Structure formats: C-alpha cells, structure tokens
Protein chains: 2
Amino acid sequence: MYYTTVNEKAASPSRDDALRSIQRELTAFARRARSRAAELHPELSLVAFSMLDLMTERGGCRGADLAAYFMLDKSTVSRQVGALEKLGYLVRETDPEDHRGQILRPSPAGLEAMRAAHEQRRIAFLDRLTDWDDADIAQLAAYLERYNSSF
Amino acid sequence: MYYTTVNEKAASPSRDDALRSIQRELTAFARRARSRAAELHPELSLVAFSMLDLMTERGGCRGADLAAYFMLDKSTVSRQVGALEKLGYLVRETDPEDHRGQILRPSPAGLEAMRAAHEQRRIAFLDRLTDWDDADIAQLAAYLERYNSSF
DNA sequence: TCATCTGGATGTACTATACAACCGTGAACG
DNA sequence: CGTTCACGGTTGTATAGTACATCCAGATGA
C-alpha cells in the first residue's frame, strides 16, 4: 500500500505517473483543439459550435441553458448567440410561455455549417488515427466516454 | 471494405462511430478545460502549469520547444514565460551551446507551486477516476500520449 | 401591489492569443 | 572571410473570449 497519511489521497507511484500524464496530454489536447478548430472553421469557434450542437440536440434551448451547460457567464452566452445570429446560423424566438426568455435554434445555414464542420473534423481525426487498430480506437473512445460521464 | 469513393475518406461503421465518439468526448473535455482549470488552481493557469510541467520533465527546455509542443506562437510563450519569471516560478539561463536560446527551468518556488497545483488536480482526478483500475488508467495515458505524439 | 427573482443585454476590463516587425546569434556557402 | 538566411526571443498591436457589474423587462409570490 502507498498511503502516506490518513487525509492525503494517495495512489501507487505508477498510477500517479499515469494520472499526471493524462492531465498533461488532455491539456495539450485542449490547446491544440482550439487552434485547430480556429484553423478548420474560422467562422465557428469551438464554443459557438458546441452551442449550436446543444441547441440541435435539445431541439432548441434558452441562453440560460447554454450558460449552465458550458459553465459560462450569461453575458458571454449573450454575445456568442449574438454573433451566431449575425452569421445567420441561428434564429431566436421569444418563448411564448415566458416572455423573458428566448428559444434558440440553429437555422438551416447553421445546420449546414455544423454538418460541414463535423465532417472536416472527422477527416482530421481519421488522418491522425490512420495506423490505429479498430480495437484501440474503440477502447480509447470507451475510456473517454467513461471519463466524461463522471461530470 | 467500406470505401465509398476514391476521394472520400471512409472507415468501417464501428470505427467511424468510435471516431465520432472520440471527437465529441475530446471536444467536451476542451470545452470544460478552461473553467475547470480556473476552479482548480486560480494562481497557475492551465497553460503556465503545463509549461512548467514540460520544463521539469525535460530537465529544462527552450521557449521554442514550448511553442512547438503546445502549438502556441513564440510571442505567447515569451509572455507566459515572462509572467512565470515575474512570479519567481522559473529561471532562465542563456544556452551555453547556442547563445540565441535560453534554457528554462522551474525555480524551487515554481516546483513547489507546481507540486501544490498538481496535488489539487490529482485529487480532482482521483475523485473522477476512483473506480478505475491502474491498468485502465495506464492504458488511457498511453493512448493519449500516442495520440498527441502524432503532432 | 410591491418586492424579489430570472433571462437577457450592455459597459468595462482583463487575459490569452496571433501576427508582424525587429534584434542578435549561428550556420551555410560563395 | 563576408553575406545571406534561418532561428530564438521580445515587443507593438489587434482581436476574441471571458467575467463582473449594472440595467431592463417580464414573472412570481407574499
């Protein structure tokens, strides 16, 4: 056993090394994801893209939902939504049930832009994973789903 | 074989599903990275932390190495390094072999700050990964390293 | 009715970042 | 040699994304 004190969470050295590595690699990934997203689709930032994605998945949602889901300030969401609207990628509709809020939905153009972005990213991933076994890819996907599902 | 046309990149359906999943999950991670980083350790930004980490692991490295690894502009690295130096978290030393470059190393204070930040993050990760086997953690780390090393 | 809550917009400020222009060092080649 | 070009780093400038504070309008409940 590798416990040090009662209160300190500990683990085996090798487990600790792996954790450290996961942290660093995920961080590096996050960094690259941003620059690559910008490069692939200059008009659609990672956050904006994800917002459209959530609207689609939920069949329309309010700004407050986006703020909660992405842990962003409502002012940030307001501006991102404004930008998306200016691009013609979403439409707003005052919520008939509650006139304070708006229901946000991707426009046809927004759906198309999202589809294209998805496809480009898929191709980029394929390039990067060409020489991976199907089994390894499936395993990595499973690990990531498991990791993220803990949020 | 699952090729559709000569020019379109395709893969087996299951492989494609896994790719889509990896894409979505890594993106989800990237979305959360920033807010989580701020929450975990306000004093040491995600990027700065990772830079110190890389310096440590490599036993000192140059700004250009950091820029390449994190896909950042050298000006960005220069400013981050400047900030870390101002905090007393790193020391610079002109490379004796090549007077253009500098060798960057964490200072004792930097090591200590990193140790503290790392411990906080480690605890957060441990919480999230409590019921993972050592083997799974090691495997995930290996996958991420492999993925990132293709850059 | 009035106080309070909630969704959203706007003003302001800060940080991270990129790009471009610059400086000094090193290296290759005539 | 000297010249030219590549490389590492710094600084000026601009932009995007974000938070916080404040304000407004609609909703809600005592």
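Computed from a prediction, not measured in an experiment: that's the story for all the values here. Protein chains get the first letters and strands the later ones, always in sequence-line order, with residue 1 at the start of each.
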For A:R62, check side-chain hydrogen bond (donor to acceptor under 3.5 Å, both in side chains) against everything at least two apart and list the hits.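 side-chain hydrogen bond (donor to acceptor under 3.5 Å, both in side chains) list for A:R62, sorted by chain: A:D65.
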For B:S75, what residues pass the side-chain hydrogen bond (donor to acceptor under 3.5 Å, both in side chains) criterion, not counting sequence neighbours?
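For B:S75, the residues satisfying side-chain hydrogen bond (donor to acceptor under 3.5 Å, both in side chains) (neighbours in sequence not counted) are B:D73.
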Starting at [atom1] of [X] and ending at [atom2] of [N], how long is that distance when rounded to a whole Å?
X     : N      : atom1 : atom2 : result
B:E97 : C:dA27 : CD    : P     : 10 Å
A:D95 : C:dG8  : CG    : P     : 9 Å
B:F70 : C:dT17 : CZ    : P     : 10 Å

Taking only distance into account, with no hydrogens and no angle test, what donor-acceptor pairs under 3.5 Å do side-chain atoms of residues 80-89 of chain A form with protein atoms, sequence neighbours excluded?
unit_1, atom_1, unit_2, atom_2, d
A:E85, OE1, A:R92, NH1, 2.5
A:Y89, OH, A:E43, OE1, 3.1

According to salt bridge (charged side-chain N to carboxylate O under 4.0 Å, His left out), who are the partners of B:E93, at least two apart in sequence or on a separate chain?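 Per chain and number, B:E93 pairs via salt bridge (charged side-chain N to carboxylate O under 4.0 Å, His left out) with B:R105.
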Does A:R100 form a salt bridge (charged side-chain N to carboxylate O under 4.0 Å, His left out) with A:D95? I'd like the steps, not just the answer. CA-CA 7 Å; A:R100 289 172 305 180; A:D95 187 342; over 6 Å; no
Practice task
Within residues 48-55 of chain B, find the residues that approach DNA chain C with a heavy atom at under 4.0 Å, and present them sorted by residue number.
Solution key: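 Close to the strand, none.
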Q. Is the distance between the ring centroids of B:W132 and A:Y143 less than 6.0 Å?
A.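 Centroid distance B:W132-A:Y143: below 6.0 Å, so yes.
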Reading nucleotides 7-16 of chain D from 5' to 3' and marking B where a protein heavy atom lies under 4.0 Å of the base, S where only the sugar-phosphate is that close, and - otherwise, the string is BBBBBBB---
Review point. Is a side-chain N or O of B:S78 found less than 3.5 angstrom from the main chain of B:K74, in a donor-acceptor match?
Key: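 Absent.
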- Give a yes or no answer on whether the side chain of A:T76 reaches the backbone of A:L72 with a donor-acceptor pair at less than 3.5 Å.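 Not confirmed, A:T76 side chain does not pair with A:L72 backbone.
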